[in-house]
Amino acid sequence: MSTEEKSAAPRSLAEALRVRDDVSLAALLRSRPDLITPVPTDLTQLATRAGTRASVVRALERLDRFALQTAEALAVAPDPASYGELLALMGGDEEDPVVAAALPRAAALLREQALVWGADDRLRLVRTARELLAPSPQHPSPTGLGPTVREATAGMSPGRIQEILTAVGLPSTHDSVSAVSALGALFADRRRMAALLAELPGESREVLARLMWGPPYGQVTHDPAAHLRALLDRGLLLPTAPGTVVLPREVALHLRAGRAHRTPEPVPPPVEAAASHRPQVVDATAAGQALAALATVAELLKEWDEGGPAVLRAGGLSVRDLKRTAVALDVPEPVAAFWVELAYGAGLIASDGEADERYAATPAYDEWRELPPAERWAHLAAVWLTATRTPGVVGGRDAKDRTLSALGPNLDRSAAPEVRHRVLALLAGLPEGASPVEESVLARLRWERPLRGPRGEQREAGSTRDEDLRGRIARWTLSEAELLGITGRGALAAPGRALIGAPEAPRPAAEAQDPEPEGPGDKLPVHHHRTPPVAAPPTAAERAAATAAAARLLAPLFPEPLDHVLLQADLTAVAPGPLERGLADVLGVLADVESKGGATVYRFTPGSVRRALDAGQSAADLHAFLARHSRTPVPQPLTYLIDDVARRHGRLRVGAASAYVRCDDDATLDEILADKRAAGLGLRRLAPTVLAAQADPAALLEGLRAIGFAPAAESAAGDVLIARADSHRTPPRAAPEPVPDGPPAPDDTLLSAAVRAVRAGDLAATAPRKPGPGGGEGGGEGAVPDGALPRTGAAETLATMQAAVLTGEALWIGYVNAEGAASQRVIAPIRVEGGFVTAYDHTADEVRTYPLHRITGVAELADDGG
């Protein structure tokens with residue numbers, strides 16, 4: 001390298017950032033959004049922030065496996081290292097061509113993210129990353145390498161070092177530094193090392209083979225065996241502590257043929273297709289699942305229409321209430337937790353906020369029910385895709401060993417939206433109609449975001465569960481997407497593809513002729529995917545457009561709702577498909593759902609008929625409704641059931657005194673008083689047709705119904721109260737907001753403004769100033785120290801400003817805003833009057849007006865040739 005090239009080479013990360021163009025700076029800020037919160041004042045502050053431990057750890061954790069392996073190799077390479085040295089560490093002496101082809105991308109990625117800087121002949125890993133990734137006794141390197149000869153012999157006596165030189169056949173030196181250099185050069189020389197190892201006994205070489213891939217540390221006794229003594233004498237094992245020895249890095253690299261990693265992984269593992277289905281079959285299956293999902297959510301909300309389970313003191317559902325919900329929905333408890341959380345995330349259920357706090361439907365539920373089925377599904381699917389609440393962790397334990405409950409706190413996992421979107425994107429990369437091998441999806445995610453942290457440790461000490469959280473979220477994503485109808489038979493359906501904004505997949509030309517293969521035996525070709533670039537987050541308009549597109553694709557797949565049912569003599573009704581909303585609402589009150597599937601079976605019972613009568617229907621209304629909507633004659637047993645329940649319904653009236661029972665037939669009241677089962681209600685006769693009770697009206701109603709009567713509630717005016725299914729609603733509630741994984745990704749507008757601000761701030765910080773009165777810049781009485789604001793008197797500030805207005809020169813000023821924050825700016829004054837200066841602010845890239853009393857001082861900028 002020539003003297004001019006050396007002088008032009010960046011000497012720091014800040015200088016390396018300074019020569020980047022705006023596109024490169026924007027890419028850095030997009031990939032590491034923590035650097036833009038708040039916007040740095042200049043490039044020096046940006047470089048400082050990029051080198052902080054928290055920011056570097058976050059950046060390392062977002063590298064793919066090969067890029068992380070490249071950073072780990074640089075951490076054990078000389079500082080600085082050339083690209084050739086890095087390639088030798090990654091590809092070995094044989095220079096693996098696949099590694100050589102992938103390494104430029106990995107190196108460019110590390111450079112883009114400001115983890116590596118410098119030219120190809122002087123690559124430097126940022127200091128914090130080197131400290132995190134370099135091997136140490138407390139934190140072994142993922143490479144399995146140990147310290148260098150120089151590091152391992154730092155505390156060794158000079159005499160012992162000279163003895164090692166003699167043992168390996170090197171001439172003695174006058175000082176330890178040259179001795180260590182000679183020993184390191186020997187260990188790095190492939191030919192001489194091969195000859196040295198050939199002299200060792202086989203047992204000694206076996207010891208080296210056991211240590212070469214790590215961990216490089218071993219234990220020895222005070223009187224080691226002969227084959228160990230041979231290694232110690234030659235410095236092939238060096239003592240680090242009493243009884244502990246280490247394999248020097250140079251020796252390990254020779255044994256490994258120069259490779260830093262045992263198994264470099266330059267290519268992401270492919271996502272394998274397990275089976276192929278016709279796209280029409282996939283879409284139809286997904287549409288059926290979507291209909292079932294809507295029915296399940298509607299059934300859940302119907303269960304909670306009049307007030308659902310109580311809210312635990314710590315928040316959430318109790319285990320018992322979750323079990324009851326699972327029984328009501330006829331699903332396992334983990335699936336019930338998923339539906340409950342989905343409805344909660346969509347804002348359809350919430351706590352009512354009463355003193356006796358319970359969960360109930362929200363007003364948003366009524367609005368959601370008014371939407372067409374496809375739009376209702378799209379709303380649920382979009383909420384699921386972006387939600388951070390993760391129902392899969394329900395039943396687990398939090399950091400304080402407390403059980404995690406559905407709808408409770410601590411269910412947010414900020415990685416969930418990214419993992420869900422990425423899993424669906426991987427499915428979108430397969431041929432249309434192909435379902436993936438689950439383990440291949442997990443392997444691909446592990447490559448894109450290695451599960452282990454920068455030191456090869458668990459990210460949270462003692463938390464194996466947290467370490468594989470991404471893998472568990474991926475498994476939950478595959479099952480939840482099937483439940484929702486985003487996938488069908490494991491393959492991504494067309495509405496699901498639109499939901500994530502993926503382009504339509506091309507279908508094989510021979511698809512129409514090929515029979516549909518089933519099962520895992522019908523393997524498709526594997527498909528490799530590139531690591532997705534960091535893109536700007538979708539805007540609210542783009543997300544809305546994707547949701548609308550998914551609804552449009554799903555709508556034709558839904559069957560037309562039916563306006564009829566098939567009544568049967570066993571007091572059941574069969575709905576051979578989805579029903580119109582009005583029919584489904586009335587039938588849901590009049591009958592109980594007995595079984596679900598392609599056809600829904602409803603059963604009529606005295607309780608369900610009474611429920612319809614309580615809702616304000618008369619027997620005549622019910623007969624007319626069934627006759628109008630049944631394709632079969634109304635069975636006689638059903639007619640008798642309705643008439644019988646209606647005849648007895650409302651003969652008893654329950655109202656509020658504390659509570660009372662009123663009936664025109666005093667014989668019925670005598671029957672109640674004589675029934676031992678009514679003893680707990682505290683009934684006593686006030687009049688021939690009135691009984692008073694100690695229980696409240698609701699308990700009295702339930703008690704009398706349990707005995708076998710059919711009482712009706714009445715108001716203070718004596719009118720029968722109609723119990724509407726949607727009578728209980730919470731106040732308006734906002735759906736829970738997702739918890740972001742760190743700072744939000746900046747959009748293009750913010751990136752553009754941030755780059756301009758950083759450039760302008762850097763101009764203000766690095767613009768050359770004219771020498772002060774005492775001599776050069778930084779020296780003399782009038783010079784301004786680096787990082788300090790200029791200080792001048794009010795008269796001098798005003799005079800300099802007025803002169804700059806006439807000459808059009810730019811000035812460097814110090815400014816303190818109304819909050820007391822100080823900054824430095826480069827301005828071109830336009831007008832000075834009334835105690836204010838109007839100027840073009842290069843730092844803000846706009847015209848601004850500044851009060852003169854807030855300007856600490858002013859200095860002229862040096863000429864370009866100065």
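- Counting all heavy atoms, side chain and backbone alike, Y359 lies closest to G315 at OH-C, 4.4 Å.
- No hydrogens or angles considered: a donor-acceptor pair under 3.5 Å links the side chains of T487 and E482.
- Contact detail for T388 and V739: the closest heavy-atom pair is OG1-N, 2.9 Å.
- Across every non-hydrogen atom of G433 and V282, the tightest pair is CA-CG2, 3.9 Å.
- For the pair L554 and D283, the minimum side-chain heavy-atom distance is 4.5 Å or more.
- Rounded to the nearest 0.5 angstrom, W377 CH2 and I486 CD1 are separated by 5.5 Å.
- When every heavy atom of T390 is checked against every heavy atom of A416, the shortest pair comes out as OG1-CB, 3.8 Å.
- Salt bridge annotation for E151-R249: present, with a cationic side-chain nitrogen under 4.0 angstrom from a carboxylate oxygen.
- The closest donor-acceptor contact from the side chain of D468 to the backbone of G471 lies at 3.5 Å or more, if one exists at all.
- Remark: the R49 side chain and the S55 side chain contain no N/O donor-acceptor pair separated by less than 3.5 Å.
- The shortest distance between side-chain heavy atoms of V76 and L253 does not fall below 4.5 Å.
- For the pair R65 (side chain) and R446 (backbone), a donor-acceptor distance under 3.5 Å is present.
- Side chains of R449 and L63 form no contact here, defined as non-hydrogen atoms less than 4.5 Å apart.
- Between the side chain of T386 and the main chain of A382, a donor-acceptor pair closer than 3.5 Å is present.
- A distance of 8.0 Å separates CD of Q113 from CG of L28, quoted to the nearest 0.5 Å.
- Every side chain to side chain contact (heavy atoms under 4.5 Å, CB included) that A77 has, sequence neighbours left out, goes to A81, L89.
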Verify salt bridge (Lys or Arg N to Asp or Glu O under 4.0 Å) between D64 and R105, making sure each step is shown before the conclusion. CA-CA 11 Å; D64 62 62; R105 179 200 66 85; 3.2 Å; yes
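- Look at R422 and E418 and you find no salt bridge, because none of the NZ, NE, NH1 or NH2 atoms lies under 4.0 Å from a carboxylate O.
- Put simply, the side chain of E480 reaches to within 4.5 Å of the side chain of F338, judged on heavy atoms.
- Looking only at distances, no side-chain donor or acceptor of R397 sits under 3.5 Å from a matching main-chain atom of L404.
- T285 places a side-chain N or O within 3.5 Å of a backbone atom of V281 that can act as its donor or acceptor partner.
- Among all heavy-atom pairs drawn from R130 and D79, the shortest one is NH2-CB, 3.6 Å.
- Not one N or O on the side chain of T128 forms a donor-acceptor pair closer than 3.5 Å with the backbone of R53.
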Before you tell me yes or no, could you show the steps for R475 and E439 under salt bridge (Lys or Arg N to Asp or Glu O under 4.0 Å), namely the whole-Å CA-CA distance, both residues' side-chain angles and the distance that decides it to 0.1 Å? CA-CA 9 Å; R475 293 183 189 274; E439 290 304 320; 2.9 Å; yes
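- With hydrogens and angles disregarded, no donor-acceptor distance shorter than 3.5 Å links the side chain of W213 to the backbone of R256.
- Both the sub-6.0 Å distance and the 45° axial angle are satisfied by R420 relative to the ring of W384.
- A heavy-atom distance below 4.5 Å is found between the side chains of T325 and W304.
- In this structure, the separation between NZ on K323 and CG on L317 is 13.5 Å, given to the nearest 0.5 Å.
- Side chain of R489 to backbone of H277: no donor-acceptor contact under 3.5 angstrom is found.
- Looking only at side-chain heavy atoms (C-beta outward), V437 and V441 stay at 4.5 Å or farther from each other.
- P436 is listed as a side-chain neighbour of L430, based on a closest heavy-atom distance under 4.5 Å.
- Shown are R259, Q69, M90; of these, the side-chain contact (heavy atoms from CB on, under 4.5 Å) with V99 is made only by M90.
- For the pair T70 and V116, the minimum side-chain heavy-atom distance is 4.5 Å or more.
- Within the model, atoms CG of L60 and CG of L133 stand 5.5 Å from one another, a figure rounded to the nearest 0.5 Å.
- Interatomic distance, I473 CD1 to L478 CG, rounded to the nearest 0.5 Å: 12.5 Å.
- Side chain of E265 to backbone of F66: no donor-acceptor contact under 3.5 angstrom is found.
- Listed here is the closest heavy atom pair of A50 and V56: O-CG2, 3.3 Å.
- Between the side chain of S440 and the backbone N or O of V271 there is no donor-acceptor pair closer than 3.5 Å.
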